[in-house]
Amino acid sequence: MKEQELYLLDGNSLMYRAFYALPTTLTKSDGTVTNAVFGFTRMLFSLLEEREPDLLGVAFDLAAPTFRHQEYEDYKGNRKETPDELKPQFGIVKEVLEVLEVPIFEKEGYEADDLIGTLAQRAEEEGYQVTIVTGDRDNLQLITDNITVMYNKRGISDIIDYDLEKFREEYELEPLQLIDKKGLMGDNSDNIPGVDGIGKKTSTKLLKEFGSLENVLANIDRVGGKKRKATLREQADRAKLSKKLAEIKVDVPLEVDFSELVLSDYKNQQVYDLFMELEFSSLISQIGGHQKLEVTDYQLIESQEGLEELELTEQVAITLDLSGPKLEQELAGVAVVTSEQGYYCNLTIDKLVDWLEDIFTNKKVLMVGAKEQIRYLLQQGIEVKELSFEPLVADYLLKPSEKEKGFAELVVSHLQREIEDGAEEELLVLQTSLLFDLEEELLPKLEDNELLSLFTEIELPLVSMLAQLELTGIKVSSSELERLSTKLAEKIADLEERAYQLAGEEFNLNSPKQLGVILFEKLGLPVIKRTKTGYSTSASVLEKLKGQHDIIPLISEYRTYTKLKSTYVDPLSDYINQQTGRIHTTFNQLVTATGRLSSAEPNLQNIPIRTEEGREIRQVFVAEEGKKLLAADYSQVELRVLAHISQDEGLKEAYQQGLDIHTKTASEIFELALDEVGQEERRKAKAVNFGIAYGISDWGLAKRLNITNQEAKEYIELYFVRYPKVKEYIDNTIAQAKEEGYVTTLFDRKRYLPQINSNNYHQRSFAERMAINTPIQGTAADIMKLAMIEVNKALKEKSFDAKVLLQVHDELVVEVTESEIEAVNRLVTDKMVSVVELAVDLEVDSKVGDNWKDMSELTIDN
DNA sequence: CAGCAATGCAA
DNA sequence: TATTGCATTGCTG
């Protein structure tokens, strides 16, 4: 029989290795750092897989002082204290080992090394083949014919295997002489002194000649060098002590029966549960993954009669089996699940209309991926009432910072189950049935987090609203687009040619790399800023170089026009739906960490407006014949929200008195009367106002305003003197975030900030700025969402010929028939300003026009 | 072809 | 070393 292999792991040194190899950003969602535990466990697993040990044990140090400390009080005296983020991980890793049923060795007064040394030697005597796994070279002294060392050099996969041969080759000594060597040269990491002036080379040389430390000391006369002789004589005791400290004990009193160190089957439920708790999803798949879900039985319904005979419970989960591109989807069937039974119905949509309408009117409906399905239903002219549950939205509210998850991932993370592959219909019914389980799981979680009313009153109703927005789309004039494209192409071609001439060669103007070479090497312009990979050629850099060379303004202009053409004008045509002549963007409700919406394919929330050239693009977004576009935007919602949540008197007063807030701030920080504030002061004050909401730094403000840090600092300080409660708000919010681990909006939306207590300055500061900004931006987002729902409801109730087309964070774009403009404006404005009562009034500015560019202000007269 | 870096557009 | 996004081009693996 082959010798049994025993693996002994040095828990402490491997945990240290893992800790420094992996980022401390590896945490559970509550912020608990688990990087070392994860790294250690991964090492352990790869060891199990690659080496298939027969027996295994892990040794740990205990906090108590060891005999070495008693011998020498400075033992390990220069060692830094265990990092705070590592300390608690030892407890966790022991839990892991416990559920894996891996024996742990620890004994007061001894280090892991001593336990390993003792165990290794005894196991060898009993005929086992031993491998020590460690990140500490000291263990190499234990090597024999039957004891080898897997030395973890650094990281978690850089491993060197030492056997006797390899050791002799590298050290030119016998393993046990390593102790003598330490006696001579010491060990800085353990604060073992050794003998002054003797290092790696000399110690090896001496030991090769004399064999042991004792022999060296007995033959000092024969050691070369006058000075060295003297030091050795003087420090003989120190050397002996050093040797003693370096020697690993092999006689620790321990009771052990090696045959019991056999590995159990670690792929069990307990391990699974612990890994779930630790959020070690990649390791879960290594232990066999999640419990698989059986595919449910279901009844196939192929006739309208069968459909109408169905006895549905009060709650119904539905999934429409849709495929195909947006707005051209085909329905393959529909899965319906009640609390008792699952069905799959393959009737065509025209035969389903009445039945679906009935359900959406009279039942509580659970859906996943509801927006797309509702959009389809609306397209088929089916009226859809409110949803009662949607798991993706629920999950988003619980963890808004995480990347968007799919349904399967939700099942894994909330139900701890995996969906097995199967036939399409079966899967769909199974998935639909899981909506009940997810609801049961997630509603209490929402409740616990006080997110239920946000969920039911804002997010769920919004799903249908967004479906409607997307379905409606906005009309785009393709002839206008073409005109713009041609115009831009001409300008670009001209600029390109002139730029090449000034550069003296042709190159790719779009490549920052090539442009950098031309500007900073060929033309010798001064380098203003560098990026990770080379010279920066950003707009701010070009701005500073203006006047130094004629090519600079050409490049700036070129950038402007190519940006407009390639990002906005040209791609927009591809998004025009040929049937509707409109662009139907996708609004994503599950993306932002603060609660805002986002828009994509195309993004209609970043259409240019600030410069005249860019603004022209808005001309292509037009109202239908006989209608107008109405744009209603909140005036400075975020600053008003700040006034409300900070309750700062100065800020509140400014709004109550109807002052221009930036002028007011300018008058405060520049100590001017309101009518003395000039354009420049107002501009600066505006930047300060914005900066405050973003968690400003003097450095950042200075950069933005092109002023000195000192000046920026003064502005900020003065701002806080004038608006003291804003300062209080900032301090309190950060303090609260550090305490609770999260911040909230006025409507209880939550955002976790696990980095807020990080030791890393950069990460911590970033989290602090998020803590400041999220309640402001997020509350504004809440307000707008609520307004959208209210506006939509009211437009429908009053049967106006008007539809909301777009939301751009603080603006709603409505398409309205000409005769109803005034009434609709009144309604929209009224709903927008009255969704919530703040310490300051909300204000809305409205404009109307034939397109999104040429708009004139609208006023409401009473 | 995927993914990253640099750049720049919006609120 | 100012918040939240999305999309482009260039370029690398």
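All chains are named by letter (A, B, ...) in the order of the sequence lines, taking the proteins before the strands, and each is independently numbered beginning at 1. Values below: all heavy atoms of this structure, side chains included; hydrogens, waters and symmetry mates excluded.
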Indicate whether OP1 or OP2 belonging to [N] is found under 4.0 Å from a side-chain N or O atom of [X].
{"X": "A/Arg769", "N": "C/dT3", "value": "yes"}
{"X": "A/Thr567", "N": "C/dC6", "value": "no"}
{"X": "A/Arg596", "N": "B/dA11", "value": "no"}
{"X": "A/Gln636", "N": "B/dA11", "value": "no"}
{"X": "A/Arg559", "N": "C/dT8", "value": "no"}
{"X": "A/Ser599", "N": "C/dG5", "value": "no"}
{"X": "A/Asn508", "N": "C/dG10", "value": "yes"}
{"X": "A/Ser598", "N": "C/dC6", "value": "yes"}
{"X": "A/Lys565", "N": "B/dG8", "value": "no"}
{"X": "A/Asn510", "N": "C/dG10", "value": "yes"}
{"X": "A/Thr562", "N": "C/dT9", "value": "no"}

Minimum-distance nucleotide to [X] side chain [options: [options]]:
{"X": "A/Thr592", "options": "B/dA10, C/dG5, B/dA11", "value": "C/dG5"}
{"X": "A/Thr537", "options": "B/dT7, C/dT3, B/dA10", "value": "B/dT7"}
{"X": "A/Ala600", "options": "B/dG8, C/dT3, C/dA7", "value": "C/dA7"}
{"X": "A/His762", "options": "C/dT4, C/dT1, C/dT12", "value": "C/dT1"}
{"X": "A/Ala539", "options": "B/dG8, C/dT9, B/dA6", "value": "B/dG8"}
{"X": "A/Val591", "options": "B/dT7, C/dA2, C/dG5", "value": "C/dG5"}
{"X": "A/Lys563", "options": "C/dA2, C/dT8, B/dC9", "value": "B/dC9"}
{"X": "A/Trp699", "options": "C/dT3, C/dT1, B/dA10", "value": "C/dT1"}
{"X": "A/Ser536", "options": "B/dT7, B/dA10, C/dT3", "value": "B/dT7"}

Report task. Go through the steps for A/Thr708 and A/Glu711 under the test side-chain hydrogen bond (donor to acceptor under 3.5 Å, both in side chains), then give the verdict. Result -> CA-CA 5 Å; A/Thr708 65; A/Glu711 283 174 292; 3.1 Å; yes
Which value, in whole Å, describes the distance between the P atoms of nucleotides B/dC4 and C/dA2?
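Taking atom P in both B/dC4 and C/dA2, they lie 22 Å apart.
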field: Distance-only donor-acceptor test (3.5 Å): side chain A/Asn603, base C/dC6
entry: no
**Report entry** Whole-Å gap separating P (C/dA2) and CZ (A/Arg764)
**Finding:**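 From A/Arg764 CZ to C/dA2 P: 16 Å.
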